[in-house]
Amino acid sequence: MLDPSSIIPRGARFIGIPGTESVENPRGLMVEVYWEQDDSGSLCISGHSPETPIPPNIQLQAPLNSASRRGFLAGNAPVLGLVIDPHSMQTLNGR
């Protein structure tokens, strides 16, 4: 499940979930994030898709702040979601 303490860059469409790597899913899991505007006009997350394995040919971008990732490993900072380029997902889906 998408951890609410994960930081998702505003407007990112596909996010790799850090720490979800396993024997069954060596690259980990991802979700598609759904966005909407709240009453004040700010962009906010309205939901996300079910978790799915990250396809092997998808390039993952590094988290925006690797210092925060190190802090998370030490237990004192949230982990950043890994942004997946939406164009690579379109190519994968043949669009």
Side-chain angles (χ1 to χ4, degrees):
M1 183 169 172
L2 188 59
D3 183 350
S5 67
S6 294
I7 297 172
I8 299 172
R10 187 172 307 278
R13 183 169 171 198
F14 298 100
I15 296 292
I17 305 169
T20 58
E21 298 83 4
S22 67
V23 173
E24 299 85 24
N25 298 301
R27 294 186 42 107
L29 299 172
M30 61 176 263
V31 293
E32 182 175 2
V33 179
Y34 308 126
W35 297 89
E36 67 183 13
Q37 287 185 317
D38 63 16
D39 293 337
S40 68
S42 296
L43 196 59
C44 61
I45 295 174
S46 63
H48 61 82
S49 68
E51 296 172 353
T52 59
I54 297 174
N57 60 331
I58 297 298
Q59 288 288 333
L60 297 176
Q61 298 175 10
L64 299 177
N65 182 346
S66 59
S68 291
R69 187 168 176 83
R70 284 193 303 274
F72 174 76
L73 296 174
N76 60 0
V79 68
L80 298 174
L82 303 171
V83 176
I84 298 172
D85 179 7
H87 297 295
S88 65
M89 292 300 295
Q90 291 173 350
T91 302
L92 180 68
N93 293 329
R95 289 188 239 160

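The first residue of the sequence shown is numbered 1, and numbering continues consecutively from there.
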To the nearest 0.5 angstrom, please state how far the [atom1] atom of [X] sits from the [atom2] atom of [Y].
X: Leu82; Y: Ile8; atom1: CG; atom2: CD1; value: 11.0 Å
X: Cys44; Y: Gln37; atom1: SG; atom2: CD; value: 8.5 Å
X: Glu32; Y: Ile84; atom1: CD; atom2: CD1; value: 10.5 Å
X: Arg10; Y: Trp35; atom1: CZ; atom2: CH2; value: 6.5 Å

Worksheet item: Would you say Ser88 and Asn57 make side-chain contact, with heavy atoms under 4.5 Å?
Response: no
Worksheet item: With side chains defined as the heavy atoms from C-beta onward, is the minimum distance between Ile17 and Val31 less than 4.5 Å?
Response: yes
Discussion item. Glu24: which residues meet the side-chain hydrogen bond (donor to acceptor under 3.5 Å, both in side chains) condition with it, sequence neighbours left out?
Written reply: Ser22
Fill in: Partners passing side-chain hydrogen bond (donor to acceptor under 3.5 Å, both in side chains) against Asp39 (at least two apart in sequence or in another chain)
none
Worksheet entry | Closest heavy-atom pair and its distance - Ser49, Tyr34 | CB-OH, 3.3 Å
Response to the item:
Correct closest heavy-atom pair for Gly16 and Ile54 would be CA-CD1, 4.0 Å
Worksheet entry | Test item: Arg27 side-chain N/O and Pro53 main-chain N/O as donor-acceptor pair under 3.5 Å | no
Discussion item. Applying side-chain contact (heavy atoms from CB on, under 4.5 Å) to Val83 and Phe14, what does each step give before you reach the verdict?
Written reply: CA-CA 6 Å; Val83 176; Phe14 298 100; over 6 Å; no
Worksheet entry | Counterpart residues, side chain to side chain contact (heavy atoms under 4.5 Å, CB included), relative to Thr52 (two or more places apart) | Met30
